[in-house]
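Okay, so here's the structure we're looking at.
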Amino acid sequence: MVHSTTGRRLQRIAIYGLFAVIALYTLFPFYWMIASSLKSGQAIFDVTFLPDLKFNNYKVILSDGVFLRSLLNSFIVATSVVALSLGLAVTAAYALGRIDFAGRSPIMFLFLAVSMFPQIALLSGLFEMIRWLGLYNSLGSLVFAYMIFTLPFNIWVLTTFMRSLPRQIEEAAIMDGCSPLRILRCIFLPMMGPALISTGLLAFIASWNEFLFALTFILTDENRTVPVAIGLISGSSRYEFPYGAIMAASTIVTVPLILLALLLQKYIVSGLTAGAVKG
Amino acid sequence: MTSGPMRIGLKATRARTAWLFLAPSFLVLFAVALWPLGRTFLFSFTDAFLTQPDLYDYIGLENYFTLFEDPLWWQSVRNTLYFTVISVSIETALGLAIALLLNARLSGRGALRAVILIPWAIPVVVSARMWQWMLHDQFGIVNHVLKLMGFIDHGIAWTADPDLVMPVIIAVDVWITTPFMVLLILAGLQMLPKSIYEAAAIDGVSQWRQFTALTLPLLAPSIAVAVLFRLLDALRMFDLSFVLSSNSDDTKTVSIYAREVLVNFQDMGVGSAASAAIFLMIALVTAIYLTVFRLNRKLLGA
């Protein structure tokens with residue numbers, strides 16, 4: 001009896017030890033990023049584990065109009081993508097999730113297949129399309145292009161959610177002759193809060209982080225989004241590489257995402273698993 | 001119950017509504033995915049240039065011959081496959097281990113689950129920059145710690161050494177995407193029925209046997225789906241290599257290769273041929289994977 005409790009205690013200590021290792025492995029790079037961003041000038045090249053709390057790098061990066069502009073651009077693109085893809089997906093999901101009609105399964109399959117397209121396979125055709133639409137080098141090109149990975153995913157997740165709701169809830173409304181848009185707005189939307197938060201958050205994060213399209217469809221600095229701005233920062237030589245400024249910029253971009261991840265963890269996880277497990 | 005004709009009329013109206021509601025999404029996906037994909041395939045048979053994409057002649061399979069004669073293309077194919085196989089294997093094993101650990105009912109696991117989400121949520125570009133700085137040959141913390149511990153006496157050029165740069169990229173990718181694996185496998189674990197474990201415990205089945213005979217087979221579908229998602233993602237990897245080692249042929253992926261030909265060399269024909277080849281490669285891998293997965297399921301009688 002005594003033996004087994006010490007054994008269990010040892011096991012528990014071992015598990016907490018592993019917890020600590022995982023947390024350290026996950027978080028140390030962030031600590032180091034923030035600590036480096038708070039060292040000024042040459043101090044960044046001395047390896048000291050405690051930060052100096054000097055804000056020079058932040059002053060440099062925040063007085064740089066181009067960086068602030070790219071922050072704003074990323075925000076505009078991500079929120080527009082969320083609004084557009086949710087608006088389209090909710091209506092499509094109502095059709096796919098609540099109405100029984102011939103052709104529903106092939107369409108679901110088509111949406112699923114589109115979500116698996118590698119972005120690079122569309123690049124040249126999309127380039128032509130974006131030029132034709134007059135969107136080249138504008139934020140609109142990214143809002144348009146990001147529909148590829150947000151819209152099919154949102155439709156898929158919202159459709160499974162709508163299908164899980166009981167049949168009866170709309171029958172009375174149909175018999176009363178309510179229009180489908182009214183049914184969608186008055187009966188379904190109020191129930192869809194959590195599903196909309198999940199899909200919206202994932203669409204926001206994916207758009208905020210996207211790199212390949214943002215690098216290709218935007219030509220000039222003032223229209224760049226943040227990942228590209230950070231990806232393209234470079235010094236005049238390897239030794240003048242502005243790591244302090246890069247770490248400060250990275251911290252600024254990362255903090256809102258960390259807050260989102262910590263506060264809304266539940267929604268992110270349920271969105272991810274709804275997309276994967278049921279898909 | 002309502003009478004027959006009225007019900008049929010209602011059904012037809014509902015079907016019309018469905019198509020009406022689907023039309024906008026369908027139109028957008030057609031414009032943003034299906035049409036561009038078709039155009040990419042079409043351009044791959046032409047001599048178009050990016051500066052004037054509307055002036056072109058059909059040149060048959062010539063672009064594909066050019067592509068397949070380029071050793072750099074084959075190197076980028078090898079790089080991509082190597083990266084995919086190794087990183088997805090490590091991420092699956094590590095993800096399974098961490099998910100099992102987090103499935104134990106201990107206080108603090110909620111906090112840890114929130115923490116491991118962070119590397120997945122931030123831009124890959126930021127992760128790449130962070131690790132680039134930590135792995136800096138002269139001022140990086142990794143070399144500093146290794147020196148302090150006496151493993152090395154001068155800094156290692158992690159991202160410049162041709163033998164090290166691929167393992168480094170794989171290691172950073174493991175750091176970024178293991179959380180995704182953990183979350184998906186954890187979701188699968190939490191759906192397993194508790195009763196069978198209670199029965200196994202009563203029968204005195206050892207924990208290891210419980211893991212191999214119950215957990216793994218029951219978890220297989222969840223793991224298979226998670227692996228498929230990661231596979232599709234790893235095969236099109238772009239940003240990590242681009243930022244961490246932009247000019248190295250040792251880490252050039254097929255996506256980087258195709259974009260370079262298309263945008264830097266403005267060669268829309270060969271670039272589109274490379275894109276089309278990537279599309280077919282990924283479609284093939286997906287098809288094989290799904291077939292094997294279905295066969296397995298049938299053989300197991302599930």
Side-chain angles (χ1 to χ4, degrees), chain A residues 15 18-19 22-23 26-27 29-30 32-33 36 45 47 88-89 91-92 94-95 99 101 107 114 116-126 128-129 144-145 147-148 151-152 155 180 205 209 211-212 216 227 230-231 243 246-247 250 253-254 257-258 261-262 265 268-269 272-273 276-277, chain B residues 14-15 17-18 21-22 24-25 28-29 31-33 35-37 39-40 43 53 98 101 104 106 108 112 114-119 121-126 129-130 133-134 139 141 144 183-184 187 222 225-226 229 232 236 238-239 243 255 258-259 262-263 268 271-272 275 278-279 282 286:
Chain A
I15 289 179
L18 285 172
F19 273 22
I22 296 168
T26 310
L27 290 180
F30 292 101
W32 195 241
M33 169 179 80
S36 300
F45 299 124
V47 178
L88 289 169
T91 40
Y94 176 75
I99 301 175
F101 65 102
I107 288 181
V114 167
M116 290 181 179
F117 281 8
Q119 290 180 23
I120 190 77
L122 309 168
L123 207 59
S124 53
L126 205 52
E128 187 197 31
M129 174 65 88
F144 175 67
M147 288 301 128
I148 293 172
L151 188 52
I155 291 176
I205 292 175
N209 295 354
F211 187 70
L212 173 58
T216 307
I230 292 178
Y243 275 108
I246 291 179
M247 290 304 123
S250 299
V253 179
T254 303
L257 289 177
I258 293 183
L262 292 181
Q265 190 220 147
I268 296 179
V269 173
L272 274 180
T273 49
V277 175
Chain B
R14 298 269 292 163
T17 308
F21 273 29
L22 277 170
S25 293
V28 168
L29 285 178
V32 81
W35 177 257
L37 183 70
R39 292 297 283 179
T40 298
F43 280 128
I98 297 178
L101 200 63
L106 284 175
L112 193 56
V115 162
I116 60 162
L117 202 60
I118 299 173
I122 68 164
V124 172
V125 174
V126 168
R129 287 300 199 193
M130 235 158 60
W133 170 231
M134 295 208 310
F139 312 115
I141 179 110
H144 182 78
L183 292 175
L184 291 194
S222 306
V225 172
F229 272 71
L232 290 172
R236 60 188 171 198
F238 179 82
D239 27 14
V243 176
S255 291
R259 185 185 177 276
L262 190 74
V263 178
M268 209 158 175
S272 299
S275 299
I278 296 168
F279 179 84
I282 291 182
T286 312

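Letters A, B, ... are given to chains in the order of the sequence lines, protein chains preceding strands, and every chain is numbered from 1.
The residue among B:Ala258, B:Pro119, B:Ser25 with the most heavy atom pairs within less than 4.5 Å of chain A is B:Ser25. With chain B as the partner, the residue from A:Ile205, A:Thr254, A:Leu212 showing the most heavy-atom pairs under 4.5 Å is A:Leu212. With respect to chain A, the highest number of heavy-atom pairs below 4.5 Å among B:Val243, B:Ile282, B:Val115 belongs to B:Val115. When the candidates B:Leu232, B:Thr286, B:Leu183, B:Leu37 are compared by the number of heavy-atom contacts under 4.5 Å with chain A, B:Leu37 comes out ahead. Considering only heavy-atom pairs separated by less than 4.5 Å from chain A, the leading option among B:Asp239, B:Val124, B:Ile116 is B:Asp239. Here A:Gly125 is the residue among A:Ala95, A:Ala89, A:Pro152, A:Gly125 with the most heavy-atom pairs under 4.5 Å with chain B. Most heavy-atom pairs under 4.5 Å with chain B: of the set A:Thr91, A:Ile15, A:Ile148, A:Ile99, this distinction falls to A:Ile99. Options A:Ala261, A:Pro118, A:Ala23 differ in how many heavy-atom pairs under 4.5 Å they form with chain B, and the most are formed by A:Pro118.
Not one N or O on the side chain of A:Ser250 forms a donor-acceptor pair closer than 3.5 Å with the backbone of B:Val126. In this structure, B:Arg39 contributes its side chain and A:Leu126 its backbone to no donor-acceptor pair below 3.5 Å. Proximity of a side-chain donor or acceptor of A:Asn209 to a complementary backbone N or O of A:Pro227 within less than 3.5 Å is not detected.
In this structure, chain B has a heavy atom under 4.5 Å from the side chain of A:Leu151, while its backbone stays farther away. Proximity to chain B (any heavy atom under 4.5 Å) is restricted, for A:Met129, to the side chain, taken from C-beta onward. For A:Met247, the part lying under 4.5 angstrom from a heavy atom of chain B is the side chain only. Both the backbone and the side chain of A:Leu122 come within contact range of chain B, judged by heavy atoms closer than 4.5 Å.
Taken to the nearest 0.5 Å, the CG atom of A:Leu18 stands 10.5 Å off from the CG atom of B:Leu112.
Ring geometry, B:Phe279 versus A:Phe117: the interplanar angle exceeds 60°, so the pair is classed perpendicular (tilted spans 30 to 60°).
Looking only at side-chain heavy atoms (C-beta outward), B:Ile118 and A:Phe30 come within less than 4.5 Å of each other.
Partners of A:Ser124 according to the side-chain hydrogen bond (donor to acceptor under 3.5 Å, both in side chains) rule, which considers only residues two or more places apart in sequence or in another chain, are B:Thr40, B:Ser272. Residues meeting the side chain to side chain contact (heavy atoms under 4.5 Å, CB included) test with B:Val263, sequence neighbours left out: A:Thr216, B:Arg259.
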